[in-house]
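Notes for the one structure printed next.
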Amino acid sequence: MTRLLLLSFLLLSATPAWAESVLRIEAPSEPETLDPAKLTGLYEAKIELELFEALVTRDATGAIIPGAADSWDVSADGLTYTFHLRPDLKYSNGEPVLAGDFVYGMRRLADPATGSENGIALEAVDQAAEIQAGKVTDLTRLGVSAPDDRTVVVRLWRRSVRLIDYAIDFFPLRQADIERNGIEWTRPGKLVGNGAYVLADWVPQSHIELRRNPLYREAAAVTIDRVRYVVAGSPETALKMFRAGELDISELPRTELEWAKANLAAALKPEPEIGTYMVGLNVGAPPMNDPKLRRALALVVDQAALTRKVVRGDQVPAYRFIAPLLPGYPDVSEAFKDTAMAARVAEARKLYAEAGYGPGKPLKLSLMLAKGRDWDRWALALVGMWHDALGVEATLDATEWQVYLGRLNHRDFTAAIDDWVTLVQAPSLLDEYRSTSASNEIQFNSPAYDQLLTDADTAPDLETEYAAYAKAEQLLIDGQGIIPIYHIVTHVLVSPKVQGWIANPADSHRARYLSLGQ
């Protein structure tokens, strides 16, 4: 008997301790912030959606589904949305999630003191525009209320067919935590959320680590214990780390696509996105307030050559803002799309001269971009096109990600490499350039454009909505505040041990929908 007990003890001692499952994801750079009201970067938003759950959310295919609210009602006139919260929702610290927390989150989003770039989500909400403009200082006048702890009521000043899409940004926030901790409220040990994961660790320029939240409403369905976002520093470094087994999910450098097709085909996941890379021109300040100069710069950009010869990676040349992925959406394009380059250059030189520039007075231009992105090569080719055709003396101004975003948000640039990718599968991405939008970095201002956006969001059917959006997009393209370069096709490397990955235009790949095999 003693020998059997001893043998059992030895066997148990030799058995390795249960190991937590860890999903390792490339982070292209240090996050700007994890404050839902303040972040503007796409990959920061992915972390946010693991930590917080809004009134609505997305499933693994990208479709809108109930989130913290399990249902909602819309009044007959379309001006009141009533969201009904799920029972017994809890934060990661065990305290209840209350309807008043959603009200506070939306008021904070509207409050000018917050400095949010995401207030466009509230555009149709009663009194939001007045509060954001500083005309109304009483935040309680925002059209959102909580008649009880499980009901959130949102009142609109006009109909909005996209209100449910925007409700993906209506998060519950704890006022006491934010007031007590100030800007430190998003740090590990202080951030309290209602999402599937909790912020466990944040080492600058190294990693952010999340741990499974046992109090999440569907915690039993979440199988991955930890998610670690690793700051790789560059796409090339991330590729090396993926090949060495140090990353499970990583974006592929576009220059390596053909190699990856031959050598990593099983891991390669292409994903067309409703997104566009472009050059943003600050039309609200000289010299880009001159439409002749903007058009001259746009005319000499050969999108096809840039995309196919420099960018590569199966990207799609862009002559419009909204990627052509929406069935039924009208065609929109730059008027000179099919004009021969020789004729485009001739017209550009004429406009350039009329704007006051020429061989004796070249335009001197700084093109801002972020470090650590796969932008440098095509940005250099772009400034070469400007120089060869017009004599423009342009230089690249590469900054760290946080500095880049800060300068965009403060309109501290003349021209910048920029991109917009929407998690809302609709052309409502155009709302970013509404004259009242805090995200309107280029300062585009057109009353006709604004009205068309409102017409789209109050349209009685999809055909009418798309027609209004397309007219607005054409105004944006004709105004040449942006020079579209290419539509985004992201190629992601996903380890074969990652299960549950479903390609979708909304880029909905939350860890709660994934699992890890052997």
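Model, not experiment: these values are computed from the prediction.
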Look up atom [atom1] in [X] and atom [atom2] in [Y], then write down how far apart they are to the nearest 0.5 Å.
{"X": "Leu55", "Y": "Tyr81", "atom1": "CG", "atom2": "OH", "answer": "13.0 Å"}
{"X": "Ile322", "Y": "Leu430", "atom1": "CD1", "atom2": "CG", "answer": "4.0 Å"}
{"X": "Gln443", "Y": "Tyr433", "atom1": "CD", "atom2": "OH", "answer": "12.5 Å"}
{"X": "Arg344", "Y": "Asp338", "atom1": "CZ", "atom2": "CG", "answer": "9.5 Å"}
{"X": "Glu473", "Y": "Tyr329", "atom1": "CD", "atom2": "OH", "answer": "4.0 Å"}
{"X": "Thr436", "Y": "Ile120", "atom1": "OG1", "atom2": "CD1", "answer": "5.5 Å"}

Whether the side chain of [X] engages the backbone of [Y] through a donor-acceptor N/O pair (distance < 3.5 Å, no angle test) should be reported.
{"X": "Ser508", "Y": "Asp59", "answer": "yes"}
{"X": "Arg217", "Y": "Leu89", "answer": "no"}
{"X": "Glu441", "Y": "Ala438", "answer": "no"}
{"X": "Glu50", "Y": "Ala511", "answer": "yes"}
{"X": "Thr57", "Y": "Gly67", "answer": "no"}
{"X": "Arg407", "Y": "Asp412", "answer": "yes"}
{"X": "Arg411", "Y": "Asn409", "answer": "yes"}
{"X": "Ser437", "Y": "Glu432", "answer": "yes"}
{"X": "Asp248", "Y": "Arg24", "answer": "yes"}
{"X": "Arg512", "Y": "Ala221", "answer": "no"}

Is there a side-chain contact between [X] and [Y], using heavy atoms and a 4.5 Å cut-off?
{"X": "Gln315", "Y": "Trp378", "value": "no"}
{"X": "Asp397", "Y": "Leu367", "value": "no"}
{"X": "Leu514", "Y": "Ile249", "value": "yes"}
{"X": "Arg320", "Y": "Asp331", "value": "yes"}
{"X": "Pro112", "Y": "Ile131", "value": "yes"}
{"X": "Tyr486", "Y": "Pro317", "value": "no"}
{"X": "Leu79", "Y": "Arg155", "value": "no"}
{"X": "Tyr404", "Y": "Asp418", "value": "yes"}

Shortest non-hydrogen contact between [X] and [Y], atoms and distance:
{"X": "Arg510", "Y": "Leu49", "result": "NH2-CD1, 3.4 Å"}
{"X": "Pro484", "Y": "Gln303", "result": "O-NE2, 3.1 Å"}
{"X": "Pro253", "Y": "Leu239", "result": "CD-CB, 4.2 Å"}
{"X": "Ala124", "Y": "Ser160", "result": "CB-CB, 3.7 Å"}
{"X": "Thr151", "Y": "Thr82", "result": "CG2-CG2, 3.6 Å"}
{"X": "Ala167", "Y": "Ala54", "result": "O-CB, 3.4 Å"}

Is a salt bridge present between [X] and [Y], judged by a nitrogen-to-oxygen distance below 4.0 Å?
{"X": "Lys46", "Y": "Asp507", "value": "yes"}
{"X": "Arg434", "Y": "Asp450", "value": "no"}
{"X": "Asp35", "Y": "Arg108", "value": "yes"}
{"X": "Glu334", "Y": "Lys337", "value": "no"}
{"X": "Arg312", "Y": "Glu258", "value": "no"}

Given side-chain contact (heavy atoms from CB on, under 4.5 Å), test Val345 with Val300 step by step and report yes or no.
-> CA-CA 6 Å; Val345 170; Val300 300; 4.2 Å; yes
Verdict with supporting geometry, Leu297 and Met288, side-chain contact (heavy atoms from CB on, under 4.5 Å) | CA-CA 10 Å; Leu297 293 174; Met288 292 305 165; 3.5 Å; yes
With Val230, which residues qualify under side-chain contact (heavy atoms from CB on, under 4.5 Å), at least two apart?
-> Arg228, Met241, Leu247
Taking [atom1] in [X] as the centre, count heavy atoms belonging to other residues, nucleotides or ligands within less than 6.0 Å. Is the count above 12?
{"X": "Gln451", "atom1": "CD", "result": "yes"}
{"X": "Lys261", "atom1": "NZ", "result": "yes"}
{"X": "Lys471", "atom1": "NZ", "result": "no"}
{"X": "Arg86", "atom1": "CZ", "result": "yes"}

Tyr166 and Asp457 side chains, donor-acceptor separation under 3.5 Å = no
Would Phe102 and Val144 count as a side-chain contact (heavy atoms from CB on, under 4.5 Å) if you check the C-alpha gap in whole Å, the side-chain angles of each, and the deciding distance to 0.1 Å?
-> CA-CA 9 Å; Phe102 289 92; Val144 57; over 6 Å; no
List the steps, then state whether side-chain contact (heavy atoms from CB on, under 4.5 Å) holds for Phe52 with Asn194.
-> CA-CA 5 Å; Phe52 300 93; Asn194 67 324; 4.0 Å; yes
Which class fits the ring pair His509 and Trp501: parallel under 30°, tilted 30 to 60°, perpendicular over 60°?
-> parallel
Please find out if less than 6.0 Å separates the ring center of Tyr449 from that of Phe444.
-> yes
When the aromatic ring centroids of Phe83 and Phe170 are compared, is their separation below 6.0 Å?
-> no
